[in-house]
Each structure stands twice: as structure tokens, then as C-alpha cells.
Amino acid sequence: MSIPIAIVDCNNFYASCERVFNPKLNGKPIVVLSNNDGMIIARSDEAKALGIPMGEPLFKIKDIAEKNGVHIFSSNYSLYGDMSHRVMTILEQFSPDVEIYSIDEAFLNLDGFQRLDLTEYCRKIRKIVKQWTGIPVSVGVAETKTLAKLANRLAKKDKTNNGVLNLIDRPDIDSFLKRVAVEDVWGVGRQYTKLLNLHNIFTAYDLKNAKDKWIREKMTVMGLRTVFELRGIPCVNFDYTPSPKKAIISSRSFGRSVKEKNEIKEAISFFVTRAAEKMRHQKSAATLLTVFLRTNPFKNTPQYHNGCLVKLSVPTDSTAELIHFAMKGVEQIYRAGFLYYKVGVMLAGLIPYNRAQLPLFDTENRLKMDKITEMMDLINIEMGTGTIFYAATGISRGWKTRAERRTPNYTTDWENLPEIKDFYEAMEE
DNA sequence: TCTGGGGTCCTAGGACCC
DNA sequence: TCTGGGGTCCTAGGACCC
């Protein structure tokens, strides 16, 4: 007997988070912007209905937004992260095996729940999450992850489903597959869509019936896996305990273009600090460090982009040491005269810290360095990120990303607790 | 004025080994 | 005259995800 898999997906997650704490926004169009207030990364249903596309730069929709009173927000990841955590905690009450797949999605293994009416069960999940967090979710249920994602999509699209679609034991499953375009299948992106369309494969149903050999040749085993999943054969396993990351990236575009090497260095030091913190959090050490910088590819100015990979002879998790090597990298690739718009750092070749090989003859006093790092982490956790930092990251932070329309951290900062009177006012309207 | 950030996996090809 | 076969590891690049 097959195992039912559910995927719970928050509707328009970022937009919904903003709405929870500002009930006046109910029924109003909302969009949320990417970092640096660059483009649209989330839209409420009302904003979608206005024809505002995903990924559109803000300046291109300014007119529509003004005309229709669209509410525009900078993204507020502290808020979204906390809301996500609340939703996931609730989901864990509905299945012992929950895989948190992204900030707004989770797979639930419903093995053992087969005797229940799964559609009813998922309606209950939906109701409780909405009641306890204010976030609306949709649920798709099927025998494979790919089919569950597809069911979820249809649940969201067709309002008659009430946010839940269960495809288990549906003899008419093909009629659902025919309603989903191939580019909307999980695992099929832009490039493969082009290729598939060229070969007259337009729907999930067409893809399900494609020839194995051809798919394997053109789309590798990943594509074949997708096809099998559409046929109801599970190929994508559950992953309950997130394994440590194999690479950690920290990068950002600047709020303005930056010319000076010193500013670039400060920004890179700042990103090294953040990446190293993340790395220590998962108890890894890096053997490779890459720094990169680039000019704005959307501008008609001289272009330059370059990266520099530093192999670290001794694996390290020390911010100070990583900054040291990163600065050497910057010296190598920085060219004067360009207007830089984005820089970043990647830590890779990560290994568990406790397995890190110490060299026989080492010039650094590692024990001492570990103590300093440990203490800095402690202070920053206790008293807030950025309380104590290396001078290399600078204090002016003139390169800082724009976020001009950010809402308060309602749930993670005592100073920003929402006030009940706002809710009353909204109810009276 | 103005276009995100952070990940994963697979494959081909080169270097190197015996 | 003439120069193997099989394996591993690493990297870059390309696809995908949210």
C-alpha cells in the first residue's frame, strides 16, 4: 500500500505575513520586494489580479501600483522566519514526520493515517494553522512528492477545492495532470520547458507519457525521476533532518554603487563575518573561500566581474582568519575605476569542525583564536547580532542595502509588539 | 534613480594512478 | 612499424528549487 504524502504550502507567504499584523490590508493588493527593494518577490491575490508579474522590477510597476493603491513592503525576514517557525511547529502536531522544505512549505508523511478521511484531515490542518497564526495554507495529497506538489497547485487555483486536493486513489488522476502545464511541474524549469514544448510535450500528462530513454538522455536521471513520480512511483525520499550545508554564501547588492577598495573590503569583511557565524552554527570548518565582486549588469557602464578562490591549507572557522584571506582575495581581483554593485563571499569544502586536521607546525595560536571567536559569538547571541565585530567591517556601512518600506519585527522584538488598537480600528471599518 | 539571495544535484572532461 | 584499459577525484558549468 502506498504512503500518502501531503505538502502544506503557505499562500502568498510574505504578503500574508504582512497582512496578519495589519488587518486593514485585508482585501487590498500587497507586494513584497526583494532585498535592496529591487523587484517583486511576493504578491497577494489582489496584486496578482492586477497583472503584476513575479520578478518584475519595482520601477516598472510604479504606475499600476499608484493607480490601484498597491501596498508595497520591503522584505522583513526576521518576521517571515518567525512566522514560518510557528506554522511548522503546528504542522508537527499533525504528523510525526515533517520535512521542512522551504520557508513556506513542508512535506508531511501521512503513513498510518490511511484509514482517516485524508481530505478532512487536511482541512483541519488548514483551519488550525489559519486560526493560530493567521496564515492561509493550501494542502495537496498524493502518492509522490511531485504529484502532491501538483495537487497543491490545483488546490490553490481552483477555489471549489477549499484549499485541499487529495489525489490518492483517484481513477481520474490523468484529468488533473492534463490541467497542469509542463512548466508548472516540480523539477521542470525554463530550459526544459523550451525543450519539451519543442517535442510537443505541453502538460504534466504529456510528460508522464514521454519515452524514458529520451528523457534520460535530455534531462538526466533527475528528469526521469520526475516522470516516474508523475506515474505514482516515489523516487524522491523524505529528508527529515536537514544535513549540514555544503556551502555557505553571503552576498548582497549595494544600496548605491561603490568605487573605493576600502569600502569593498569592509563589505566583504561583513559578509565573511555573517558566513562564518552561519558556519560555526552548524559546527563546520571551511577549506575553500571564494570572494567575488561585480558591476551592475543592467547598466550601460563598463562591466567587470571576477572571483577569487583561496584554498585554506588549514580548515578554519575563525572569522579573523577568514577575513585575513578574504582581504588577500580582494587585493587580487579589485580593479579601480569600476562602479561595483554587488560583492559576496562563499565558504565551501566544509567539513565537520571536530575532524579538522591540525597541522604539525602551525604559526597561529589556534586555541587562543577559538576562545576569542567563542566569546564574540556568545556576546552577539546574548546581546544581539552585531554587538561586537571586527573593525575590518567598518562602522559607516555606506554600502548598506536599501529597505525603505520595512515593517517592524512584530514578533521578535519587544519594542515592536503590535498594538491592539490597530486591530480594533480595522474591525470597525 | 531603479532588476534578490541562498542553496542542491548531475555531467563531462581533465589529471592522475596503477 | 608500434603505445592499454580501468578506475578515482576534482572542477566548471548547467540545470533546478524556493
Side-chain angles (χ1 to χ4, degrees), chain A residues 7 9-14 31-42 52-63 65 72-77 80-81 84 99-107 145-146 149 152-153 182-196 215-226 229 235-237 239 242-257 271 274-275 278-279 282 287-288 290 292 294-301 307 309 311 339 341-350 401-405:
Chain A
I7 180 150
D9 186 322
C10 302
N11 300 349
N12 315 325
F13 183 54
Y14 298 168
V31 298
V32 178
L33 304 175
S34 62
N35 274 313
N36 216 24
D37 291 349
M39 61 189 208
I40 314 292
I41 55 165
I52 296 174
M54 189 76 165
E56 192 79 342
L58 174 60
F59 68 90
K60 284 194 186 169
I61 61 128
K62 270 272 166 75
D63 281 353
I72 304 172
F73 297 98
S74 302
S75 35
N76 181 344
Y77 288 101
Y80 311 151
S84 169
E99 174 187 345
I100 298 171
Y101 178 67
S102 75
I103 192 163
D104 69 336
E105 284 169 273
F107 289 104
K145 284 183 167 181
T146 305
K149 290 276 278 185
N152 188 293
R153 187 175 185 85
V182 76
E183 62 254 46
D184 294 329
V185 173
W186 193 42
V188 179
R190 279 240 300 282
Q191 300 306 314
Y192 286 150
T193 298
K194 258 192 251 168
L195 177 81
L196 292 168
I215 294 289
R216 173 69 181 80
E217 240 165 59
K218 303 286 185 186
M219 297 173 66
T220 80
V221 292
M222 301 296 277
L224 197 55
R225 200 180 283 178
T226 298
E229 287 242 322
C235 298
V236 182
N237 290 329
D239 187 7
S243 33
K245 308 238 177 299
K246 295 173 178 172
I248 292 169
I249 296 171
S250 179
S251 73
R252 201 93 359 170
S253 0
F254 298 136
R256 59 174 172 79
S257 33
F271 297 133
R274 297 207 7 187
K278 276 194 235 172
M279 181 169 70
Q282 65 166 39
T287 59
L288 299 170
T290 304
F292 56 89
R294 68 174 316 145
T295 50
N296 190 338
F298 297 101
K299 260 189 167 167
N300 240 347
T301 48
L309 183 129
K311 296 191 182 190
L339 295 170
Y341 116 114
K342 180 175 182 174
V343 303
V345 169
M346 178 163 96
L347 301 178
L350 302 188
T401 283
R402 255 193 310 272
E404 286 162 3
R405 306 155 187 268

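Heavy-atom basis, side chains included; hydrogens, waters and symmetry copies ignored.
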CG/A/Asp9 to NZ/A/Lys149 distance, rounded to the nearest 0.5 angstrom?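 Here the interatomic distance stands at 6.0 Å.
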Going by the rule salt bridge (charged side-chain N to carboxylate O under 4.0 Å, His left out), which residues pair with A/Asp239 if we only count those two or more places apart in sequence or in a different chain? none
Hey, does A/Lys145 reach any base, or is it just sugar-phosphate, or nothing, if we go heavy atoms under 4.0 Å?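 No contact.
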Residues in side-chain hydrogen bond (donor to acceptor under 3.5 Å, both in side chains) contact with [X], at least two apart in sequence or another chain:
| X | result |
| --- | --- |
| A/Arg256 | A/Glu263 |
| A/Glu99 | A/Lys145 |
| A/Ser102 | A/Asp104, A/Glu105 |

Atom CD of A/Glu217 and atom P of B/dT11 are separated, to the nearest Å, by 13 Å
What N/O pairs connect the protein and nucleotides 15-18 of chain C at under 3.5 Å? Give each pair on its own line.
residue, atom, partner, partner atom, Å
C/dC16, OP1, A/Gly189, N, 2.9
C/dC16, OP1, A/Gly189, O, 3.3
C/dC16, OP1, A/Gln191, N, 3.4
C/dC16, OP1, A/Tyr192, N, 2.9
C/dC16, OP2, A/Gln191, N, 3.4
C/dC17, OP1, A/Gly187, N, 2.9
C/dC17, OP1, A/Val188, N, 3.3
C/dC17, OP1, A/Val188, O, 3.3
C/dC17, O3', A/Trp186, NE1, 3.4
C/dC18, OP1, A/Lys149, NZ, 2.8
C/dC18, O3', A/Ser102, OG, 3.1
C/dC18, O3', A/Asp104, OD1, 3.0
C/dC18, O3', A/Glu105, OE1, 2.9

For nucleotides 1-10 of chain B, give me one character per nucleotide, 5' to 3': B if any protein heavy atom sits under 4.0 Å from the base, S if the only such contacts are to the sugar-phosphate, - if neither. -BBBSSSSSS
Applying ring-ring contact (aromatic ring centres under 6.0 Å, His included), can you list everything that pairs with A/Phe107, at least two apart in sequence or on another chain?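 Counting only residues at least two positions away or on another chain, A/Phe107 forms a ring-ring contact (aromatic ring centres under 6.0 Å, His included) with A/Tyr101, A/Trp186.
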How would you list, by chain and number, every residue that makes a ring-ring contact (aromatic ring centres under 6.0 Å, His included) with A/Tyr14, sequence neighbours excluded? A/Tyr77, A/Tyr80
Stem list, DNA chain C (Watson-Crick or G-U pairing under 3.5 Å, at least 3 consecutive pairs): B:5-18 with C:5-18
Residues that [X] engages under side chain to side chain contact (heavy atoms under 4.5 Å, CB included), provided they are two or more places apart:
| X | answer |
| --- | --- |
| A/Pro297 | A/Arg294, A/Gln303, A/Tyr341 |
| A/Thr290 | A/Leu309, A/Met346 |
| A/Lys299 | A/Asn296, A/Thr301 |

